[in-house]
Amino acid sequence: PAAPLAPPADPPFPAAPALTVGGGTGFAARFADIDLQTNSTITVPSGDVIIGDKANDSGVIDIAWGSINFGSPSAKLSIGKSGFGQVYAGFGGLSSAHITGSTIFVGELTGSEGVLGISGSDATVQAQALAIGGGASTWGGSGALHITSGGAVTVSGGDDPFRVWLTGSLEVTDGSITSTNGRATIDGPYTITNGTINAPDIWFGEDGSASGLLNGPVFIIQESVMTLNGDLSAGSTAVNTGFSNQGTVLVQQHTLTLFDKNEAALNTCVIGPGGKVIAENGVLIGTGKTLSGAGTVDADVLNSGAILSG
């Protein structure tokens, strides 16, 4: 007779995190706070780190002078998985704070809240990928990224390694974001003040304000508004779509310098008194688009839309 079939194996349990700050077994809410000072280091050879595990949990890590180092780029640092999580790396000029080698989710799952701050010229995050207000493939909870006072974020993964979901928000003040191999996608509200974003493509899908440098092809989607809060240089002369605005750009009294291999697709733009648009290879005003205001355009204009002065 045929041998009886073996019962199916139980599915494997997910691996336990290497470290949980604010969370753990049981149903009671848990709160935890870790301060790294005087060259303190957390080393995670393998596994994930969860900060704010369940809905009522809360976890905080403050790095004043120290680092968190992951041994695997596939390891996950979840800042606010289902609860509240907060990580601050650096507190201005007197700090040396670093996070290296992981994939980071801030406000990962629906209902969570996460905050990641990087502040100071010796405060850095080097990650495979970074998602604000969600995880790898979808939006989640409320997430906020603050980069100030010379802080720097570098992501090295492909595809969409840096993403601000619609439930996330971005503040960059005198700081930088570099995505070496993939697009930087900003679908949540943003405030970039004298900041720098370097990426093969930079997409904006929500209203926000910007000044500084957007170093790479820039795409502003339809119905979104970018307002300059200072002088801004944006685009790339390496490609035919170095700058493409399908929404609205409000230059106000500032200077917008555009880079494109051909005419930069400026399209709908309002230039305030004293404001200026500069584009060495000219600008394009497409059909149905309007260039208006009382400022100056220092560029050849290829117009298929409307130009209104005053």
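Not measured: the values here are computed from a predicted model.
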Enquirer: Quick one: does any side-chain atom of D187 pair with a main-chain N or O of L166 as donor and acceptor, under 3.5 Å?
Expert: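 It does not hold such a pair.
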Enquirer: Does the side chain of I221 come within less than 4.5 Å of Q246's, by heavy atoms?
Expert: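 Not in contact.
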Enquirer: Starting from W139, can I reach L170 by hopping between I/L/V/M/F/W/Y residues whose side chains sit under 4.5 Å apart?
Expert: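 No, no single cluster joins them.
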Enquirer: For T241 and P217, work out which heavy atoms get closest and say how close.
Expert: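 Reported closest heavy-atom pair: O-CB, 3.7 Å.
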Enquirer: Indicate the atoms forming the closest heavy-atom contact of G182 with A199, along with that distance.
Expert: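 In terms of heavy atoms, the two residues are closest at O-CB, 4.1 Å.
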Enquirer: Test side-chain hydrogen bond (donor to acceptor under 3.5 Å, both in side chains) on D53 and T20; report intermediate values, then the result.
Expert: CA-CA 7 Å; D53 185 16; T20 299; 5.2 Å; no
Enquirer: Walk me through whether I51 and L77 qualify under side chain to side chain contact (heavy atoms under 4.5 Å, CB included).
Expert: CA-CA 8 Å; I51 304 171; L77 170 59; 3.8 Å; yes
Enquirer: Which distance, rounded to the nearest 0.5 Å, do you find between the CZ of F204 and the CD1 of I220?
Expert: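 Between F204 CZ and I220 CD1, I get 7.0 Å after rounding to 0.5 Å.
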Enquirer: At their closest point, which heavy atom of A97 faces which heavy atom of G90, and how far apart are they?
Expert: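 Of all heavy-atom pairs spanning A97 and G90, the closest is CB-N, 3.2 Å.
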Enquirer: Just verifying a value: how many Å separate D298 CG and L258 CG, rounded to the nearest 0.5 Å?
Expert: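 Output value for this atom pair is 11.5 Å.
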Enquirer: State, yes or no, whether a side-chain contact exists between T154 and T124 at a heavy-atom distance under 4.5 Å.
Expert: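 Answer no - side chains too far apart.
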Enquirer: Looking at side-chain heavy atoms only, is the closest gap between V44 and L19 below 4.5 Å?
Expert: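 Side chain of V44 against side chain of L19, heavy atoms only: no contact under 4.5 Å found.
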Enquirer: Closest approach of G205 and S224, non-hydrogen atoms and distance?
Expert: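 Minimum heavy-atom separation between G205 and S224: C-CB, 4.2 Å.
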Enquirer: Could you tell me how the ring of Y88 sits relative to the ring of H146: parallel (under 30°), tilted (30 to 60°) or perpendicular (over 60°)?
Expert: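 Ring orientation of Y88 relative to H146: parallel.
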Enquirer: What closest approach, in Å, do G22 and A32 show between heavy atoms, and which atom pair accounts for it?
Expert: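 Shortest heavy-atom contact: N-CB, 3.5 Å.
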Enquirer: Would V49 and V125 show up in the same hydrophobic cluster when neighbours are defined by side-chain heavy atoms closer than 4.5 Å?
Expert: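 V49 clusters together with V125.
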Enquirer: Answer whether the closest heavy-atom distance between the side chains of C269 and L291 falls below 4.5 Å.
Expert: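 Answer yes - side chains close enough.
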Enquirer: Could you check if a side-chain atom of V277 sits within less than 4.5 angstrom of a side-chain atom of I271, using non-hydrogen atoms only?
Expert: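 Answer yes - side chains close enough.
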Enquirer: Quick check: does any side chain N or O of S102 sit under 3.5 Å from a backbone N or O of I104, one acting as donor and the other as acceptor?
Expert: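 No: the side chain of S102 does not pair with the backbone of I104.
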Enquirer: With rounding to the nearest 0.5 angstrom, report the CD to CE distance, E206 to M226.
Expert: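 It is 12.0 Å, given to the nearest 0.5 Å.
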Enquirer: Drop me the distance from L266's CG to F243's CZ, to the nearest 0.5 angstrom.
Expert: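 These two atoms lie 6.5 Å from each other.
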Enquirer: Keeping the roles fixed (side chain from N181, backbone from G158), state whether a donor-acceptor pair exists under 3.5 Å.
Expert: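 The answer is no, because no donor-acceptor pair under 3.5 Å joins these two groups.
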Enquirer: Does this structure show an ion pair linking R30 with D57, if we count only N-O contacts that are shorter than 4.0 Å?
Expert: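 Result for this pair is no, no salt bridge flagged.
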Enquirer: Just verifying a value: how many Å separate T257 OG1 and L214 CG, rounded to the nearest 0.5 Å?
Expert: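 It comes to 11.5 Å.
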Enquirer: Whether the side chain of N267 engages the backbone of S244 through a donor-acceptor N/O pair (distance < 3.5 Å, no angle test) should be reported.
Expert: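 Here the side-chain-to-backbone pair does not exist.
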Enquirer: Any chance CD of E280 has more than 12 other-residue heavy atoms, nucleotides or ligands included, within less than 6.0 Å?
Expert: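 12 or below, so no.
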Enquirer: Is there a side-chain hydrogen bond (donor to acceptor under 3.5 Å, both in side chains) between S74 and S72 once you walk through the steps?
Expert: CA-CA 5 Å; S74 62; S72 170; 2.8 Å; yes
Enquirer: Tell me if the CG atom of D159 is crowded by more than 12 foreign heavy atoms within 6.0 Å.
Expert: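 No, not enclosed.
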Enquirer: Hey, mind stepping through S209 and T227 against side-chain hydrogen bond (donor to acceptor under 3.5 Å, both in side chains) and telling me if it holds?
Expert: CA-CA 5 Å; S209 65; T227 302; over 6 Å; no
Enquirer: Between Q252 and L228 (side chain of the first, backbone of the second, donor and acceptor by atom type, cut-off under 3.5 Å), is there such a pair?
Expert: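 At least one qualifying donor-acceptor pair exists.
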Enquirer: Is a donor on one side and an acceptor on the other found under 3.5 Å between the side chain of N198 and the backbone of N215?
Expert: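 No, because the side chain of N198 does not come within donor-acceptor range (under 3.5 Å) of the backbone of N215.
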Enquirer: Does the side chain to side chain contact (heavy atoms under 4.5 Å, CB included) test come out yes or no for N262 and N281, once each step is laid out?
Expert: CA-CA 6 Å; N262 297 312; N281 292 327; 5.9 Å; no
Enquirer: Looking at every heavy atom in both A279 and A299, which two are closest together, and how far apart are they?
Expert: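 Result for this residue pair: O-CB, 3.2 Å.
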Enquirer: Linking I/L/V/M/F/W/Y whenever their side-chain heavy atoms sit closer than 4.5 Å, directly or via other members, would F259 and V218 fall into one cluster?
Expert: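 No: no chain of side-chain contacts under 4.5 Å links F259 to V218.
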Enquirer: Any non-hydrogen side-chain atom of D174 less than 4.5 Å from a side-chain atom of S149?
Expert: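 No, too far: nothing below the 4.5 Å cut-off.
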Enquirer: Got a second to check how far I61's CD1 is from I68's CD1, nearest 0.5 Å?
Expert: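 Interatomic distance, I61 CD1 to I68 CD1, rounded to 0.5 Å: 4.0 Å.
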Enquirer: Please identify which of these residues, D122, N39, D35, meets the side chain to side chain donor-acceptor pair (under 3.5 Å) condition with W65.
Expert: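 When D122, N39, D35 are each tested with W65, the side chain to side chain donor-acceptor pair (under 3.5 Å) holds only for N39.
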Enquirer: Go through L130 and L145 one step at a time and tell me if the side chain to side chain contact (heavy atoms under 4.5 Å, CB included) criterion holds.
Expert: CA-CA 10 Å; L130 174 57; L145 173 61; 4.0 Å; yes
Enquirer: Before you tell me yes or no, could you show the steps for N69 and T100 under side-chain hydrogen bond (donor to acceptor under 3.5 Å, both in side chains), namely the whole-Å CA-CA distance, both residues' side-chain angles and the distance that decides it to 0.1 Å?
Expert: CA-CA 5 Å; N69 302 316; T100 60; 2.9 Å; yes
Enquirer: Taking C-beta and beyond as the side chain, do K261 and V239 meet within less than 4.5 Å on heavy atoms?
Expert: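 No. Closest side-chain heavy atoms not under 4.5 Å.
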Enquirer: Group every Ile, Leu, Val, Met, Phe, Trp and Tyr by side-chain heavy-atom contacts under 4.5 Å, then state whether W165 and L116 land in the same group.
Expert: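 No: no chain of side-chain contacts under 4.5 Å links W165 to L116.
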Enquirer: When hydrophobic residues are tied together by side-chain contacts of less than 4.5 Å, even through go-betweens, does L232 share a cluster with I177?
Expert: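 In one cluster: yes.
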Enquirer: I want to check something: taking the side chain as every heavy atom from C-beta on, are I197 and Y190 in contact at a cut-off of under 4.5 Å?
Expert: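 They are not in side-chain contact.
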Enquirer: Which is it for V301 and E263 under the side chain to side chain contact (heavy atoms under 4.5 Å, CB included) test, yes or no, and what are the steps along the way?
Expert: CA-CA 8 Å; V301 178; E263 296 89 359; over 6 Å; no
Enquirer: Using modelled atom types only, decide if a donor and an acceptor are shared between the side chain of T185 and the backbone of R163 within a distance under 3.5 Å.
Expert: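 Here the side-chain-to-backbone pair does not exist.
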